[in-house]
Protein chains: 2
Amino acid sequence: MVTRDRQRRVTITDVAKHAQVSTTAVSKVLQNAYGVSEAMRAKVRAAIDELGYRPHNAARAMRGRTFTIGVLLPHIRNPFFADILDGLTEEISGSGYQAIMVQSGGRGPAAERRASDALVDRQVDGILWVAPLCSKSQLEKMAGDTPLVVLGRHDRSALYDCVLDDDEIGAALVVEHLIALGHRRIAHITDDVGGRSSVLLQTVRATTYERVMTEHGLAEHIAVAATSYTEEGGYEGTRELLARDPRPTAIFAGADQAAFGALAAIHEAGLTVPGDISVAGYDNARVVGFAHIALTSVDQDGALMGKTAGRLLLERIGGRTSAVRFSVTPTLVPRRSTAPPKTP
Amino acid sequence: MVTRDRQRRVTITDVAKHAQVSTTAVSKVLQNAYGVSEAMRAKVRAAIDELGYRPHNAARAMRGRTFTIGVLLPHIRNPFFADILDGLTEEISGSGYQAIMVQSGGRGPAAERRASDALVDRQVDGILWVAPLCSKSQLEKMAGDTPLVVLGRHDRSALYDCVLDDDEIGAALVVEHLIALGHRRIAHITDDVGGRSSVLLQTVRATTYERVMTEHGLAEHIAVAATSYTEEGGYEGTRELLARDPRPTAIFAGADQAAFGALAAIHEAGLTVPGDISVAGYDNARVVGFAHIALTSVDQDGALMGKTAGRLLLERIGGRTSAVRFSVTPTLVPRRSTAPPKTP
DNA sequence: TAGGCGATGGGTAACGTTCCCCACGGTGGG
DNA sequence: CCCACCGTGGGGAACGTTACCCATCGCCTA
């Protein structure tokens, strides 16, 4: 490998020389530390501006802080994650921290592990982990190294904070909405890529679906397609469900993305929404209200969740060691994709 | 701020002690450097495994390399970016490099600047910058610090590589497709958030639209709504276009996301697609084929572009200094959202 | 007036890694 | 037999920043 002849960076030493003070003084100004006179502050600030100095992150990292927050996302295809990230960005902007994202999903637990290691190795000051699949003990191990906030997972730990929506309420809202409309043959599309652990939100949604169906005496109509929370998953799952006889009159997809795939499969089968089949999703990503077929969905305020996660992370970085659990209550947003079933 | 009592990391010194060799030797093994016997290699490898050693990234960064590639995306809402990232990830997986993402857009040029600075400050070994808005001189300045590949921008530089699709061909394909169907009043939705520089792909698409219209004697029907490549932008732009009299019979949205917004606005106005109005997008993000209304779009193979960008970046990091420009030829994917206009 | 104290500024040793050197031992050719 | 050379391994400085600790100075109090 050839060494690039990049121009030498401006360092804290250059600033110190230029301002005719010590590097320590410059560092103190940078940290807003105690024991710096106003005159010193001004002098150093001027030198920094004049030279266009920017702190060298790696050097800071060697001393313990990087002013970086790592975000682990399964992937970036789900628009709901963008809402979360917007909230996070809003919260940490102005705090001096910068968020970096890494994709954790798509290639199984080994990839997830690699991605989380990558953030730890890069010495980020805190990690927001969205929908982790790994074990609680692994999360706690990481929390020992780095302040950690977990989003979208139903467990508790004394070592990290949890931000989630109440998926039991959300899923129940959908199923009860469909039942209230008169549906009985209501099917569900779930994600089983990460297994069926009860801490995973997809498991909670699926279990709640089954519970509510049973409570309403509809246990015999329970029909679950276990694919994934993606367009492809929704498409395949729906094809599977449509092949059953009698076919469902409503489909509750565990995520909006899967619901999109469901719409495609239904259309391809020559059926209409909501005429022949009602479809509901979950997440209420901004796009679903804009879609041609406005999708009934469950809103869980991703921006608020992201914002809260950012706040909790900053608190933890600031020294809080007690654990916090923040849960938002989801609401149903009925739109045109759900309607009473045709009388048979 | 409280110092966390995180357990001390395993360092190269620990490995060296455990293997009873020097730190230099361990480093050499890590680098696959010349001058290391097979026995030494094995001994060090064993010690590394036994201790679970992972190199400390910040310390490496101080010496020049981080094994990190930075990706600057305007935002993560556009599913097309996910295709690019998949390609990049595929290419660099196994190379020892890790990609980290930063959002550059959403809050104007200052935010873009902050995001790019963040990556430079974090000493990434190379940067893939998707759809930058800043000036060429700023890009070249960055390229002096860090190997740079720019994706989706119509310029050339001796200092960085360019990956793009031929937007002239792509836009022409759409407009000619609509004209061939019999449309005359074809409108366009463009993005002018980043200004109207001719190096921006949105400008190229808009200019090409006007050129092809003119070439077909349809100059008087040119109608452009300048909003943004988002659902909201497509929605607002379409409302604006629908208010004209006579209203267009076809809308070419410069991006799929905007096309989704257009579909919503058209539906809201009580019109049908493609019955009353044809709609075409650009990017052919995977989701558009799945949507209920399958959208006519332009495919530019984001995965290939991402993969190529990754390759070029690795080459540049490896020492290549000559500039490369890689252009994919887009293809039209006609779907159900475009059809001949109603005879008036 | 001496001693102490608070406020400010600086010297310097780390942090973990790499890489430029140099040392050492063995081998082969003159 | 001596010297040059090659293959291997190690010593140690350097990267930029921070934080501990000490020095200095001016002022207040006993």
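Numbered from 1 within each chain, the chains take letters A, B, ... in sequence-line order.
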**Prompt:** Please walk me through it: do W129(A) and M142(A) pass side chain to side chain contact (heavy atoms under 4.5 Å, CB included)?
**Reply:** CA-CA 11 Å; W129(A) 195 337; M142(A) 165 180 274; 3.7 Å; yes
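- When each of V26(B), V21(B), V29(B) is paired with K43(B), the side chain to side chain contact (heavy atoms under 4.5 Å, CB included) condition holds for V21(B) and for no other.
- One finds no salt bridge joining R45(B) and D49(B) here, because no Lys/Arg side-chain nitrogen approaches an Asp/Glu carboxylate oxygen to under 4.0 Å.
- In this structure, I12(B) atom CD1 and dC19(C) atom P are separated by 11 Å, rounded to whole Å.
- dT17(D) atom P lies 10 Å from atom CG of D121(B), rounded to whole Å.
- You'll find that the side chain of Y34(B) is closest to dG7(D), out of dT17(D), dG16(C), dG7(D).
- The closest side-chain heavy-atom distance from Q123(B) to H56(A) is below 4.5 Å.
- For the pair S37(A) and dA7(C), the criterion of a side-chain N or O lying under 4.0 Å from OP1 or OP2 is not met.
- Per the geometry, CD belonging to Q31(A) stands 14 Å off C1' belonging to dC20(D), to the nearest Å.
- Rounded to whole Å, atom P of dT17(C) lies 15 Å from atom CZ of R65(B).
- Here the P atom of nucleotide dT17(D) and the CD atom of Q123(B) are 10 Å apart, to the nearest Å.
- Put simply, CG on N32(B) is 12 Å from P on dT18(C), counting in whole angstrom units.
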Report all interatomic pairs (protein N or O, nucleotide N or O of nucleotides 10-14 of chain D) with separations under 3.5 Å.
| unit_1 | atom_1 | unit_2 | atom_2 | d |
| --- | --- | --- | --- | --- |
| dG10(D) | OP2 | S22(B) | N | 3.1 |
| dG10(D) | OP2 | S22(B) | OG | 3.0 |
| dG10(D) | O6 | K28(B) | NZ | 3.3 |
| dG11(D) | N7 | T24(B) | OG1 | 3.2 |
| dG11(D) | O6 | T24(B) | OG1 | 3.1 |
| dG12(D) | O6 | T24(B) | OG1 | 3.1 |
| dA14(D) | N3 | R63(B) | NH1 | 3.2 |

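- The pair R54(B)-D121(A) counts as a salt bridge, with a side-chain nitrogen and a carboxylate oxygen less than 4.0 angstrom apart.
- Axis angle across the helix from dT1(C)-dA30(D) to dG30(C)-dC1(D), with five pairs used at each end and values rounded to 10°: 60°.
- For the pair D161(B) and R311(B), the salt-bridge criterion is not met [side-chain N within less than 4.0 Å of a carboxylate O].
- Between M62(A) atom CE and dT17(C) atom P there is a gap of 8 Å when expressed in whole angstrom units.
- Residue T11(A) places none of its side-chain N or O atoms closer than 4.0 Å to OP1 or OP2 of dG16(D).
- Considering only residues two or more places apart in sequence or on other chains, F326(A) meets the ring pair (Phe, Tyr, Trp, His ring centres under 6.0 Å) condition with none of them.
- Regarding contacts with the backbone of dT17(D), a side-chain N or O of Y53(A) is found under 4.0 angstrom from either OP1 or OP2.
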